[in-house]
Amino acid sequence: MKVNTALLQIDIAFGDPKANRTKVERYFHEAMKQKTDVVVLPELWTTGYDLGRLDEIADRGAEGSVAFISALAKEYSVNVVAGSVAKQTANGDVTNTMLVINREGELVKEYSKAHLFRLMSEEKFLKEGNEDGNFELDGEPCAGVICYDIRFPEWIRTHMLQGSKTLYVVAEWPKPRVDHWRALLISRAIENQCYVVACNRVGSDPNNEFGGHSIIIDPWGKVVAEADDRQELVLRGEIDTSEVDTIRDRMTIYEDRRPELYKI
């Protein structure tokens, strides 16, 4: 199955959900000028890392973000891996939660970041998630994770063992470690024989500069498309999920596993 994908590599206004929705809507319309099956947004695109004000700016139940993205998805009949948002839960916690919405505007998955990044103080303000990121779009098995999650290969493999063919990654990955970003994503693609579609932001906030380099990688580890570290843009690339089956049949990594030896 061929999937035309558009990644919105944008700068994010610090702590300003209204401004960020305006920007996302503009870039979304730009993305839809060409045939597109999936649109991907970056991590925490509504608020950025204004974690100290989440009690004011987090989205209660993620309801506002879901309504906003659902309207765009229905307008264009397009699937959306809607990055992640700061979601305020019923008990007052805030999670860093990925939203996945289908062509009909239906919310098909919420995934809350499982691994909180201490170098950016996430553990002080956010509650970690405990559920997986598996979902389907147009009948194809996919998985989604958030930024720091990619440093945990056992977590990614857990998803791939459920049959996922495409790994969507949304991030605010800092520029000083952007070489790690590329190396880790390419490794995750090769070792899991899957497509990796990863959307990062550009720009800066009061404490960080972000690395861009949104990227699409095929199951052999070849880069299909990649952005730079400066520009806001729509990165496009076509993936063909039938290639995953071909490669997995040719090199039988999954059949040759010996999990009885793996003591994690």
Side-chain angles (χ1 to χ4, degrees), residues 7-27 40-66 68-69 81-89 92-99 110-129 133 144-152 155 168-182 184-185 198-215 227-233:
L7 286 63
L8 308 190
Q9 177 171 289
I10 58 173
D11 195 359
I12 296 170
F14 191 66
D16 192 342
K18 182 177 180 180
N20 289 319
R21 286 194 180 99
T22 298
K23 177 175 286 188
V24 164
E25 186 169 20
R26 175 161 57 90
Y27 275 90
V40 188
L41 278 62
E43 178 184 15
L44 291 177
W45 61 269
T46 57
T47 61
Y49 265 87
D50 192 359
L51 301 183
R53 294 178 56 237
L54 290 183
D55 58 337
E56 304 172 40
I57 59 177
D59 191 351
R60 293 183 183 276
E63 293 177 2
S65 300
V66 170
F68 172 74
I69 296 296
V81 179
S84 71
V85 302
K87 173 187 173 182
Q88 188 173 72
T89 65
D93 291 330
V94 179
T95 55
N96 183 346
T97 301
M98 174 185 284
L99 306 172
E110 291 188 20
Y111 164 74
S112 294
K113 193 174 187 177
H115 303 91
L116 299 182
F117 189 47
R118 296 178 186 273
L119 286 183
M120 293 174 72
S121 299
E122 288 186 344
E123 82 287 357
K124 296 178 181 177
F125 302 97
L126 298 168
K127 182 74 171 178
E128 72 276 6
V145 296
I146 301 172
C147 204
Y148 188 45
D149 283 330
I150 66 171
R151 288 189 182 270
F152 299 87
W155 186 228
Y168 290 96
V169 182
V170 303
E172 290 202 33
W173 195 279
K175 189 172 183 177
R177 294 180 294 279
V178 76
D179 287 346
H180 291 191
W181 162 259
R182 296 188 79 257
L184 289 164
L185 292 170
C199 185
N200 193 27
R201 68 166 289 186
V202 289
S204 61
D205 67 19
N207 302 304
N208 306 280
E209 185 176 8
F210 298 95
H213 282 278
S214 297
I215 193 167
D228 63 21
D229 61 357
R230 299 178 303 279
Q231 291 180 303
E232 293 186 297
L233 51 76

Exercise. Any side-chain heavy atom of V202 sitting closer than 4.5 Å to one from Q231?
Worked result: no
Exercise. How long is the gap from NZ on K18 to OG1 on T46, to the nearest 0.5 Å?
Worked result: 15.0 Å
Problem set entry | Over all atoms of both residues, closest heavy-atom pair of A62 and K87 | N-CG, 3.7 Å
Problem set entry | N200 vs P42 side-chain heavy atoms within contact, under 4.5 Å | no
Exercise. Any donor-acceptor pair under 3.5 Å linking the side chain of T97 with the backbone of V85?
Worked result: no
For this session: Report yes if the side chains of D11 and R201 come closer than 4.5 Å at any heavy-atom pair, otherwise no.
Result: yes
Exercise. Looking only at heavy atoms, what is the nearest atom pair of E128 and L116, with distance?
Worked result: N-CD1, 3.7 Å
Problem set entry | Approximate separation, where rounding is to 0.5 Å, of I215 CD1 and W181 CH2 | 8.5 Å
Problem set entry | Check: L51 and K124 side chains under 4.5 Å, non-hydrogen atoms | no
Exercise. Around D179, counting heavy atoms of other residues, nucleotides and ligands shown, do more than 12 lie under 6.0 Å from its CG?
Worked result: no
For this session: To the nearest 0.5 Å, tell me how far L41 CG sits from M98 CE.
Result: 10.5 Å
Exercise. Any side-chain heavy atom of I146 within less than 4.5 Å of one from N96?
Worked result: yes
For this session: Would you tell me whether E122 and Y49 have side-chain atoms, one donor and one acceptor, within less than 3.5 Å of each other?
Result: yes
For this session: Quick one: pull up CH2 in W173 and NE2 in H213 and give me the separation to the nearest 0.5 Å.
Result: 13.5 Å
For this session: Taking D59 for its side chain and S65 for its backbone only, find out whether a donor-acceptor pair lies under 3.5 Å.
Result: yes
Exercise. Atom CD in E232, atom CD1 in I10: separation rounded to 0.5 Å?
Worked result: 6.5 Å
Exercise. For the residue pair H115 and F152, does the interplanar ring angle fall in the parallel (under 30°), tilted (30 to 60°) or perpendicular (over 60°) class?
Worked result: parallel
Problem set entry | A227 versus Q9, closest heavy-atom pair with distance | CB-OE1, 3.4 Å
Problem set entry | Which atom of S214 lies closest to which atom of L7, heavy atoms considered | CB-CD2, 4.0 Å
Exercise. Going by distance alone, is a donor N or O of one side chain under 3.5 Å from an acceptor N or O of the other, for D149 and Y111?
Worked result: yes
Seminar exercise, completed: Tightest non-hydrogen contact, residues L54 and A86, listed as CD2-CB, 3.8 Å
For this session: Would you please test I57 and D50 for side-chain contact (heavy atoms from CB on, under 4.5 Å) and show each step?
Result: CA-CA 9 Å; I57 59 177; D50 192 359; 4.0 Å; yes
Exercise. Are K23 and W45 close enough, and set up right, to give a side-chain contact (heavy atoms from CB on, under 4.5 Å), and what steps lead you there?
Worked result: CA-CA 10 Å; K23 177 175 286 188; W45 61 269; over 6 Å; no
For this session: Find the distance between CG (L44) and CE (M120) and round it off to the nearest 0.5 Å.
Result: 8.5 Å
For this session: Spell out, as yes or no, whether a donor-acceptor pair under 3.5 Å connects the side chain of D205 to the backbone of F14.
Result: no
Problem set entry | Shortest non-hydrogen separation from E110 to L99 and the atoms involved | CG-CD2, 3.9 Å
Exercise. Is a donor on one side and an acceptor on the other found under 3.5 Å between the side chain of N20 and the backbone of A13?
Worked result: yes
